[in-house]
Asks: 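My questions will all concern the structure given below.
Every chain is numbered from 1, with letters handed out A, B, ... down the list of sequences. Computed from a predicted structure; not experimentally measured.
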There are 2 protein chains.
Amino acid sequence: MASIKDVAAEAGVSVATVSRVLNDHPSVSADARTRVLAAVETLGYRPNAVARSLRTDQTRTLGLVISDVMNPYFTELARSVEEEARALGYSVIIGNADERPDLQDHHVRTLLDRRIDGLLLSPTDGGSPLMLDAARAGTPMVFVDRWIPGVEVPVVRADGQAAVRDLVAHLYGLGHRRLAIIAGPAATTTGRERVEAFREALAAYGLELPDAYTGQGDFQAESGRRVTEGFLDLAEPPEVVFAADNLMALGALDAVRARGLRVPDDIALAAFDDIPWFVHTDPPVTAIAQPTGELGRAAVRALVDRIEGRPGESVTLPARLVVRRSCGETPTPVQRSTT
Amino acid sequence: MASIKDVAAEAGVSVATVSRVLNDHPSVSADARTRVLAAVETLGYRPNAVARSLRTDQTRTLGLVISDVMNPYFTELARSVEEEARALGYSVIIGNADERPDLQDHHVRTLLDRRIDGLLLSPTDGGSPLMLDAARAGTPMVFVDRWIPGVEVPVVRADGQAAVRDLVAHLYGLGHRRLAIIAGPAATTTGRERVEAFREALAAYGLELPDAYTGQGDFQAESGRRVTEGFLDLAEPPEVVFAADNLMALGALDAVRARGLRVPDDIALAAFDDIPWFVHTDPPVTAIAQPTGELGRAAVRALVDRIEGRPGESVTLPARLVVRRSCGETPTPVQRSTT
DNA sequence: GATGCTCGTGGAATCGATTACATCGACGGA
DNA sequence: TCCGTCGATGTAATCGATTCCACGAGCATC
């Protein structure tokens with residue numbers, strides 16, 4: 001592959017001049033410029049990003065470590081992150097942690113080794129020493145969706161509290177009283193928050209959330225299935241199951257179907273995170289939708305702000321309830337949108 | 001950030017020795033080794049991958065440019081690619097082309113600039129000059145899923161012909177005679193092949209595939225919706241719509257639902273690419289499943305073979321039909337699996 | 001005791017860029 | 001005419017690693 005030296009030789013100038021042309025530095029003669037450009041053309045020269053990064057100490061690359069690529073929510077997040085980053089002149093390297101702390105650490109380490117300019121994280125757990133060290137060492141960092149309390153890093157997330165209240169109102173209105181939740185891992189903020197929001201919303205109606213109705217999931221489909229089976233085995237099964245993410249909802253659907261039962265007649269279902277397929281499931285699933293694209297874009301903006309020396313602010317956007325038919329037919333819907 | 005020089009100073013040896021310890025070169029004394037390791041530990045030193053790549057001319061990184069991350073099929077492919085690559089000691093940088101040739105070129109260019117060791121491509125179109133040049137210049141390359149005829153590059157793909165024949169047999173057996181297809185872009189191999197396989201399978205039953213029943217889609221949901229609406233507007237609409245990928249099937253489902261019609265009573269639906277949600281759609285969708293994980297792994301193995309100087313072979317794996325209920329109830333199923 | 005290994009080590013070149021500094025010619029003002 | 005300034009350019013240092021080559025010590029062989 002042609003290097004800057006070859007271009008310099010071809011154009012009959014020094015490498016410094018070539019570099020100046022490429023980075024359009026002002027003091028270069030029109031003549032030199034055209035000769036260099038011609039040489040670049042004939043040689044098909046492309047600057048070596050590796051060498052450039054070594055010298056300038058910046059890679060114009062962002063690292064994004066997400067908990068699970070197979071989760072449509074995170075896929076969409078990743079997509080919007082890449083789009084916004086591209087618009088701002090950055091590339092993105094995605095690391096998939098698969099909800100495994102060890103994999104998460106692996107990716108953070110590789111990204112750091114590659115000297116990415118900044119890190120976008122949606123932590124799987126409470127934060128490994130590695131991550132904490134990186135934050136302390138001043139690596140530009142931003143948390144998306146999930147975060148780690150006590151770390152001085154901007155957080156970009158959706159607030160689901162109001163939407164969960166709307167959901168509970170909707171369920172109560174339909175006559176449901178025994179409500180259960182499939183929770184996410186307690187090590188994650190979203191895992192804890194969603195249970196808490198649910199519990200508080202129930203309390204407003206004088207309802208309890210007994211331990212038997214609090215299943216421990218891990219944001220993966222399989223756990224949703226397992227927990228739902230547990231619920232169905234109870235002497236008094238819940239009337240509604242609220243899955244804390246879309247994959248666990250899929251698992252719940254599997255479990256219900258495997259028993260030959262029907263949603264919502266035998267048991268109702270609602271989920272956190274809305275995805276296109278929920279419109280077409282049997283029945284369409286009532287869900288809490290996050291402004292995923294906005295979150296991704298805001299996170300990138302915050303991170304790039306940090307990288308380029310500006311403050312970089314936390315952002316919290318509201319989630320909203322999307323009512324469909326999985327909790328029963330609504331006479332007068334609480335519905336705010338049907339998208 | 002600590003560099004190799006700092007480690008050398010701390011350990012009281014030269015940088016050459018540090019480098020030897022890090023790359024466990026044989027001729028290093030036990031004493032030097034322990035001192036270096038201790039220094040690495042106290043400084044929290046991590047080798048700079050950028051500098052290393054510049055010197056060694058290898059990044060231990062693979063580029064993967066896929067047509068659309070939001071498509072669950074490609075997401076799964078990306079995931080298995082990353083897994084296998086990691087097992088072989090490589091990282092993966094994913095570029096999402098969103099079915100847009102310009103974006104595809106953008107990603108190929110950026111990846112090449114970063115001097116990735118090899119490129120995994122699922123081309124959106126017939127191949128830009130950039131891609132063709134890269135292939136000719138000897139960049140290790142492998143095509144996955146889709147490929148470009150006439151380019152000397154291994155291809156890893158699924159062969160759907162037999163499965164499409166099984167599908168048509170199934171449809172014919174259910175009494176369907178007017179079969180339509182939502183095709184992918186003619187610029188892609190999968191776009192063309194699936195139509196051809198369908199047409200041939202129909203011919204075996206003495207059926208035609210009229211132009212009116214061949215809708216032009218682009219592998220995105222919106223096009224599936226548009227084409228399906230066109231079909232439904234025909235004086236004699238088809239009895240079955242076969243979508244050439246899962247997103248267009250989603251669009252078709254949208255269109256059918258929007259008219260207040262039902263699958264399969266009013267119109268039957270089948271899709272290429274099976275995804276977990278198809279089990280839970282209303283009704284569950286009959287689909288042709290590719291061995292996605294296997295494809296991803298085989299592609300990585302072929303690419304790494306190329307990179308490391310071994311031949312690197314093309315691989316073709318069979319796809320298989322998964323019968324569900326979207327084409328009508330089956331008395332005696334052709335079904336081979338129900339996963 | 002000289003010769004020739006092997007082993008451990010350090011010095012220095014190198015990868016391909018960017019950029020500080022030096023140089024040189026032209027030009028304008030005094 | 002002379003000097004200062006500015007614009008265009010080249011030389012060389014630098015980023016952080018790897019690796020070739022040289023060198024000295026220790027040891028076996030003859």
Asks: Extract all donor-acceptor atom pairs below 3.5 Å that involve side chains of residues 34-42 of chain A and protein atoms in other chains or at least two apart in sequence.
Replies:
from: Thr34(A); atom 1: OG1; to: Ala30(A); atom 2: O; distance (Å): 3.3
from: Thr34(A); atom 1: OG1; to: Asp31(A); atom 2: O; distance (Å): 2.8
from: Arg35(A); atom 1: NE; to: Ala11(A); atom 2: O; distance (Å): 3.0
from: Arg35(A); atom 1: NH1; to: Asp31(A); atom 2: OD2; distance (Å): 2.6
from: Arg35(A); atom 1: NH2; to: Ala11(A); atom 2: O; distance (Å): 3.2
from: Thr42(A); atom 1: OG1; to: Ala39(A); atom 2: O; distance (Å): 3.2

Asks: Charged N to carboxylate O below 4.0 Å: is that the case for Asp98(A) and Arg100(A)?
Replies: no
Asks: Please identify each residue that fulfils side-chain hydrogen bond (donor to acceptor under 3.5 Å, both in side chains) with Tyr90(B), with sequence neighbours left out.
Replies: Glu308(B)
Asks: Does Met1(B) or Val13(A) map to a spot on DNA chain D nearer the 5' end, using the closest nucleotide for each?
Replies: Val13(A)
Asks: Taking side-chain hydrogen bond (donor to acceptor under 3.5 Å, both in side chains) as the definition, give me every residue that meets it alongside Arg33(B), ordered by chain and number, with sequence neighbours left out.
Replies: none
Asks: What is the distance, to the nearest angstrom, from the CZ atom on Arg60(A) to the P atom on dA17(C)?
Replies: 18 Å
Asks: Closer to the 5' end of DNA chain C via nearest nucleotide, is it Ala2(A) or Ser14(B)?
Replies: Ser14(B)
Asks: Any pair with a residue in residues 126-140 of chain A that passes side-chain hydrogen bond (donor to acceptor under 3.5 Å, both in side chains), sequence neighbours left out, goes on the list, sorted by first then second residue, please.
Replies: Asp105(A)-Ser128(A), Asp133(A)-Arg136(A)
Asks: For Ile4(B) and dG11(C), give me the distance from atom CD1 to atom C1', rounded to whole Å.
Replies: 14 Å
Asks: I'd like to know if Asp57(B) and Arg115(B) make a salt bridge, using a cut-off of under 4.0 Å between side-chain N and carboxylate O.
Replies: no
Asks: Hey, what bend do you get for the helix from dG1(C)-dC30(D) to dA30(C)-dT1(D) if you fit axes on five pairs at each end, rounded to 10°?
Replies: 60°
Asks: Which residue pairs satisfy the side-chain hydrogen bond (donor to acceptor under 3.5 Å, both in side chains) criterion with at least one member in residues 67-78 of chain B, sequence neighbours excluded?
Replies: Ser67(B)-Ser122(B), Ser67(B)-Arg146(B), Asn71(B)-Asp245(B), Asn71(B)-Asn246(B), Tyr73(B)-Asp145(B), Tyr73(B)-Gln290(B)
Asks: For residues 21-50 of chain B, which residues have at least one heavy atom under 4.0 Å from DNA chain C?
Replies: Ser27(B), Val28(B), Ser29(B), Ala32(B)
Asks: Mind checking what makes side-chain contact (heavy atoms from CB on, under 4.5 Å) contact with Val153(A), not counting sequence neighbours?
Replies: Ala135(A), Met141(A), Phe143(A), Val151(A)
Asks: Assuming nearest nucleotide by heavy-atom distance, tell me which of Arg20(A) and Val15(B) is located more 5' along DNA chain C.
Replies: Val15(B)
Asks: So Val18(A), base contact, sugar-phosphate only, or nothing? Heavy-atom distance under 4.0 Å.
Replies: nothing
Asks: Considering only heavy atoms of chain A and a distance under 4.0 Å, specify the first and last nucleotide of DNA chain D in 5' to 3' order that meet this criterion.
Replies: dA8(D) to dG16(D)
Asks: Which whole-number value in Å describes the distance from Asp57(A) CG to dA17(C) C1'?
Replies: 13 Å
Asks: Taking CD from Gln58(A) and P from dA17(C), how many angstroms apart are they, rounded to a whole number?
Replies: 16 Å
Asks: Scan residues 4-13 of chain B for pairs that pass side-chain hydrogen bond (donor to acceptor under 3.5 Å, both in side chains), counting only residues two or more places apart or in two chains.
Replies: none
Asks: Would you mind classifying the nucleic acid contact of Ser19(B) as base, sugar-phosphate or nothing, using non-hydrogen atoms under 4.0 angstrom?
Replies: base
Asks: With sequence neighbours excluded, tell me which residues meet side-chain hydrogen bond (donor to acceptor under 3.5 Å, both in side chains) with Thr189(A).
Replies: none
Asks: Would you please name every residue forming a side-chain hydrogen bond (donor to acceptor under 3.5 Å, both in side chains) with Thr61(A), sequence neighbours left out?
Replies: Arg114(B)
Asks: Taking donor-acceptor contacts at under 3.5 Å, does the side chain of Arg52(A) reach the base of dT18(C)?
Replies: no
